[in-house]
Amino acid sequence: MLTVTDLSVRIAGLHILQGVSFTVAPTGVTVLLGRNGVGKTTTLRAIVGLTPRGGEVRGTIRTGARGLLNQPTYRLVREGFGYVPEDRCVFAGLTVAENLRLAEPRGARSAGGELTAAYDRVYDLFPELRRRGRQRAGSLSGGQQQMLAIGRVLLRDNRLLLVDEPTKGLAPKVVTEVAEVLERVAEVVPVLLVEQNLAVVRRLARDAVVLAAGRVAWAGDARELLRETALTRSLLGVGSSEVATS
């Protein structure tokens, strides 16, 4: 689905990514792991063209034979790359319904049946959003805002979803709900996921890529990684007992 080769990113003089290479399979969940500050979010943002102004991005990002590096974000979104940022980025002063309407594909209202089906899909995954359609997004709980951020992206037909720490700061019950949704979504569209909750990783991920100091330190089967005590401790700072209970 996606091939990243020798990706290098400099921002404000800092060399954050230093030759990162990995692939995202056309099905299932590929998880991007690593300790804080190793470049996971920067990797996602570089893929979707959101590197800060003045930043320098080099390397190759491809889907099939087509190069994506430095393409405008709006064009990538139109081509089916959905991005759910770590901070959710809902429009706090708008209602839930207004947030969703802003995410509708261009011209979708003229194709009412397709739009209705898209909303039905989102509301099937997140019934809470239908019930809270008139509520301002800024007054939602963190979990509800995360549901809105994911639901907003799912209104479009996606070729790939990039999701950054969707369970961060959420209550355990909501973590389970979000994981269930991502599991269902991954049945029909591949997901590149940044996630620190290793119980969620164990449940969702088939493939794993571990970053360390701006480089790929390990790539392979996610379950194999989580089984290896010495490996998880050296790469992630946790042992197998902690993985089992995370």
Quiz item: Are F22 and V29 linked, directly or through other ILVMFWY residues, by side chains that come within less than 4.5 angstrom of each other?
Solution: no
Quiz item: For L102, what are the other residues in its hydrophobic cluster, where any two members join if their side-chain heavy atoms are less than 4.5 angstrom apart?
Solution: F91, L94
Quiz item: Are any of the side-chain heavy atoms of E177 and V181 separated by less than 4.5 Å?
Solution: no
Quiz item: Quick one: does I150's side chain get under 4.5 Å of V185's, heavy atoms only?
Solution: no
Quiz item: What is the minimum heavy-atom distance between S21 and V216, and which atoms define it?
Solution: O-CG2, 3.4 Å
Quiz item: Are W218 and V24 connected, step by step, through hydrophobic side chains (Ile, Leu, Val, Met, Phe, Trp, Tyr) whose heavy atoms are closer than 4.5 Å?
Solution: no
Quiz prompt | Side-chain touch I47/L192, heavy atoms, less than 4.5 angstrom | solution = yes
Self-check item: Approximate separation, where rounding is to 0.5 Å, of Q146 CD and K168 NZ
Solution: 11.0 Å
Self-check item: Residues that D164 engages under side-chain contact (heavy atoms from CB on, under 4.5 Å), provided they are two or more places apart
Solution: T41, L44, Y83, E86, V194
Quiz item: Hey, what do you get for CG (L235) to CD (E228), rounding to the nearest 0.5 Å?
Solution: 11.0 Å
Quiz item: Going by heavy atoms in the side chains, are L225 and L231 under 4.5 Å from each other?
Solution: yes
Exercise. For residues 122-150, pull every pair meeting ring pair (Phe, Tyr, Trp, His ring centres under 6.0 Å), keeping only residues two or more places apart or in separate chains.
Key: Y119-Y123
Quiz item: If you look at every heavy atom in A25 and M1, which pair is closest and at what distance?
Solution: O-CB, 3.6 Å
Exercise. Kindly indicate whether the side chain of L204, heavy atoms from C-beta on, has any atom under 4.5 Å from the side chain of V31.
Key: no
Quiz item: Is there a path of hydrophobic side-chain contacts, each under 4.5 Å between heavy atoms of I, L, V, M, F, W or Y residues, that connects Y74 with V153?
Solution: no
Quiz prompt | Polar contact flag, side-chain donor to acceptor under 3.5 angstrom, R62-T5 | solution = no
Self-check item: Shortest non-hydrogen contact from T30 toward T23
Solution: CG2-O, 4.2 Å
Practice problem: State, to 0.1 Å, how close R35 and S234 come at their nearest heavy-atom pair, and which atoms those are. | Solution: NH2-O, 3.2 Å
Self-check item: T51: side chain to side chain donor-acceptor pair (under 3.5 Å) partners, not counting sequence neighbours
Solution: none
Quiz item: Can you tell if the side chain of T176 reaches within under 4.5 Å of the side chain of R203, non-hydrogen atoms only?
Solution: yes
Practice problem: State which residues pass salt bridge (charged side-chain N to carboxylate O under 4.0 Å, His left out) with D124; sequence neighbours excluded, sorted by chain then number. | Solution: R184
Quiz item: Got a sec, which residues hit side-chain contact (heavy atoms from CB on, under 4.5 Å) with V175, two or more places apart in sequence or on another chain?
Solution: T167, L170, N197, V200
Quiz item: Do the side chains of L193 and P166 get nearer than 4.5 Å, heavy atoms only?
Solution: yes
Quiz prompt | Partners meeting salt bridge (charged side-chain N to carboxylate O under 4.0 Å, His left out) with R159 (sequence neighbours left out) | solution = none
Practice problem: Could I get the full list of side chain to side chain donor-acceptor pair (under 3.5 Å) partners for E224, not counting sequence neighbours? | Solution: none
Quiz item: Do V189 and V48 share a hydrophobic cluster, counting only Ile, Leu, Val, Met, Phe, Trp and Tyr and linking them when any side-chain heavy atoms are less than 4.5 Å apart?
Solution: no
Quiz item: Do L160 and L7 belong to the same hydrophobic cluster, where Ile, Leu, Val, Met, Phe, Trp and Tyr are linked whenever their side-chain heavy atoms lie under 4.5 Å apart, directly or via other members?
Solution: yes
Self-check item: Side-chain (R58) to main-chain (S8) donor-acceptor, under 3.5 angstrom
Solution: no
Practice problem: Please tell me if the side chains of T60 and D6 come closer than 4.5 Å, counting only heavy atoms from C-beta onward. | Solution: no
Quiz item: Considering residues at least two apart in sequence or located in another chain, which fulfil the side-chain contact (heavy atoms from CB on, under 4.5 Å) criterion with S141?
Solution: Q144
Quiz prompt | Point-to-point distance, once rounded to the nearest 0.5 Å, from CG of L17 to CZ of R215 | solution = 10.5 Å
Quiz item: Heavy-atom count around R66 CZ within 6.0 Å, excluding the residue itself: above 12?
Solution: yes
Self-check item: With sequence neighbours excluded, residues passing side chain to side chain donor-acceptor pair (under 3.5 Å) with R223
Solution: none
Practice problem: Check G151 against L100 and note the closest heavy-atom contact, atom names and distance. | Solution: C-CD2, 4.0 Å
Exercise. Please report the closest heavy-atom contact between V174 and G143, naming both atoms and the distance.
Key: CG1-CA, 3.6 Å
Exercise. Quick one: list whatever passes side chain to side chain donor-acceptor pair (under 3.5 Å) with R136, sequence neighbours left out.
Key: none
Quiz item: Partners of R132 by salt bridge (charged side-chain N to carboxylate O under 4.0 Å, His left out), sequence neighbours excluded?
Solution: E128
Quiz item: About how many Å separate CD of Q196 and CG of L198, when rounded to the nearest 0.5 Å?
Solution: 7.5 Å
